[in-house]
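Below is one structure, written out as structure tokens; the observations come after it.
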2 protein chains.
Amino acid sequence: MVPVNLRDVAAHARVSLATASRVFAGNANVQPAIKERVLASAEALGYVVNGLARAMTGRGPRSIAFVVRAMIGPTFASLAAGVESVAGKNGHLVLMCATDGDEQRERELIGVLRELRVKAVLLVGSTETDAAFDERAAGYARDLAQVGATLILCGRPPIMGQGDIVSVDYDQRSGIGAGVDELVALGHRRIAYVGEARGMTTAEQRLDGYTAALVRHGITPDPALMRVAANSEADGARAVDELLRSGVGATAVVAMTDNIAVGAYRAARGQGLTLPDDLSIIGFDDVPVVADLTPGLTTVHPPFFEVGVRAAEIALGVAPAADVLLQTRFMRRGSAAPV
Amino acid sequence: MVPVNLRDVAAHARVSLATASRVFAGNANVQPAIKERVLASAEALGYVVNGLARAMTGRGPRSIAFVVRAMIGPTFASLAAGVESVAGKNGHLVLMCATDGDEQRERELIGVLRELRVKAVLLVGSTETDAAFDERAAGYARDLAQVGATLILCGRPPIMGQGDIVSVDYDQRSGIGAGVDELVALGHRRIAYVGEARGMTTAEQRLDGYTAALVRHGITPDPALMRVAANSEADGARAVDELLRSGVGATAVVAMTDNIAVGAYRAARGQGLTLPDDLSIIGFDDVPVVADLTPGLTTVHPPFFEVGVRAAEIALGVAPAADVLLQTRFMRRGSAAPV
DNA sequence: CTGAAAGCGCTTACAG
DNA sequence: CTGAAAGCGCTTACAG
């Protein structure tokens, strides 16, 4: 591995550095014969353009960064695939970073991404709903703008009063609403909700979607029917177990996520209930395999891949930098039955 | 966004370019007072180190690339998370690329990654088993070596006769073997296998693991019990449906993947069978939710995250560049019963 | 500890 | 179409 540079190639081909550069930069103004000679020299010498140097001079595509809390869950893979598909098609690379929910790591990441002159950073997934986050994000956006990069929020709503930070989101509220509609249509009135406590955008949106839908149907939200559970089967099971034992008369549960819904199956069965007759359950996320539970889980399918696609298009300037709100798809299966 | 460079900062702080550079390069040899002055100037001017320029001079961490067929399935997310966790911890970034199984795209990708002077490219997942792939990989390894980069295979065995290309893999053969062992212990002899046809390493390894285990137990593999199915629920269901109707007397099926196993549940139920009494089913991959099927799927858990970790460690030179073969974990649940 | 200078590898006006 | 030269933004011996 002898490092060979353009100068070496030029010398070997007996042309100037400029001419050699032109053949690799794809500049048309080079005589075919000379071009061949340069290419041959490059081949002979084992020359590989230095993309870093090229990038430094402002040429070459800038990468786009995907920053997520954890590379896990339904959101991650599909959304990333969506981003990669358009980035790849346009000749850009995507950098994948995880913050583990660590604020300092997040800051550092934005810092190095900025130094690397990425074209955009996609901040993916649910975030804190507090003002502290909003300010942090505004700061990131400013810092990035300083080097000509954009901050794009994915899978969470726009930040109020920050019209310049674009958001590509899916309608979680109406997604949950569709689930409530279904249950109401089946005659349910005592519809419980089990999900994470407020504090993060996704938890907030889904919970709000639930209460809003209830109100829309003239049902007063009952705090006794709203249970907090972490996003896991185990905690979902725990919460639903308690809900069922509490005697509040829930005939259906809207789970914030499929994970929690699966926990609900387990808890209900643990108490000897028959599904869906004794309890209707609706999930959210439409992760693989839930269609094959017994009964198949009725849930909401979020357009994660599409969110990734749209965000990447905005990142690359292929699409206008305007907020996007995509629709979810209601997946009717067997877990919601007439009351 | 006025581009400001180190020279501007140096001028503003009234020090030489060299001194300014030293404070950002983390060089200790700068008087605290001067250092402060430079930092203050940088702040005032809104200076952001150009990581591209730094990278070009050979400083700065080189990224590591993750190249996969599709950003999907059980392998992808966990493995990527493993890679990212060690890369992040060591200050390296990870580039995420998908080939979509397109050979030309794969080549191009290796090409740009090479130009970008990545430290290593992790070729992730099952690959063709033919000589053409082996040669292609050898070519990639050579091309990458030319710029000081390494090719690392992840989730597939080492290439015969290419001792210099490291592989980080998990033992798929013994993983499937554990499933067969379990079934034999439960009294099964007519054990079917449903999975992809030969041609890709994973299909090959799992199928071989099945026949090897059978032989080990003194059971002669019966071609009538070996069915081809694509890696999907739908095709798994189709294949198992045919298997069952064929009257070959299978009492158990070892599925190449959980996807196929889930299809097997569907097919068996479609024929009125009771699980697991009428048919034992064992999967592979241990994807989410399968534990909550009825009955819970007995399957094999591959250490994808760990594969990612080990590969990244080798990529970064934290671990020696030697082949790694990780063990799987057998997950005994309810889908395999005595015959 | 600090600076002047050369260098990293490429690109791009500017003149022919 | 081709070349000499300046430049991109940083780093690092080499002398103080």
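Labels below follow one simple rule: chain letters A, B, ... track the order of the sequence lines, proteins then strands, and each chain is numbered from 1.
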* Length of the line joining B/Arg14:CZ and C/dC1:P, which is rounded to integer Å -> 20 Å
* Asked: Between A/Arg54 and C/dG9, does any side-chain N or O lie under 4.0 Å from OP1 or OP2?
  -> no
* Asked: Has A/Thr19 got a side-chain N or O lying under 4.0 Å from the OP1 or OP2 atom of D/dG3?
  -> yes
* **Any B/Ser16 side-chain nitrogen or oxygen under 4.0 Å from OP1 or OP2 of C/dA4** => no
* To do: Quick one: closest heavy-atom pair of B/Cys97 and A/Glu84, and the distance?
  => CA-OE2, 3.6 Å
* Looking at residues at least two apart in the chain, or sitting in another chain, which of them share a ring-ring contact (aromatic ring centres under 6.0 Å, His included) with B/Tyr140? -> none
* Would the number of heavy atoms belonging to other residues, nucleotides or ligands and lying under 6.0 Å from CD1 of A/Ile72 be above 12? -> no
* Interatomic distance where CZ belongs to B/Arg59 and P belongs to D/dT12 [whole Å] -> 4 Å
* To do: Determine: side-chain N/O of B/Arg7 to OP1/OP2 of D/dG9, distance under 4.0 Å, yes or no.
  => no
* What's the NZ-P distance between B/Lys35 and C/dT2, to the nearest Å? -> 12 Å
* Base-pairing mate for C/dA13 - Watson-Crick or G-U, with both contacts under 3.5 Å -> none
* Asked: Quick one: the side chain of B/Arg22 and the base of C/dG3, do they pair up donor-acceptor inside 3.5 Å?
  -> yes
* Which comes earlier along DNA chain D counting from the 5' end, the contact point of B/Val49 or that of A/Ala18, where each point is its nearest nucleotide? -> A/Ala18
* To do: Can you tell me the distance, in whole Å, between the CG atom of A/Asn5 and the P atom of C/dT11?
  => 12 Å
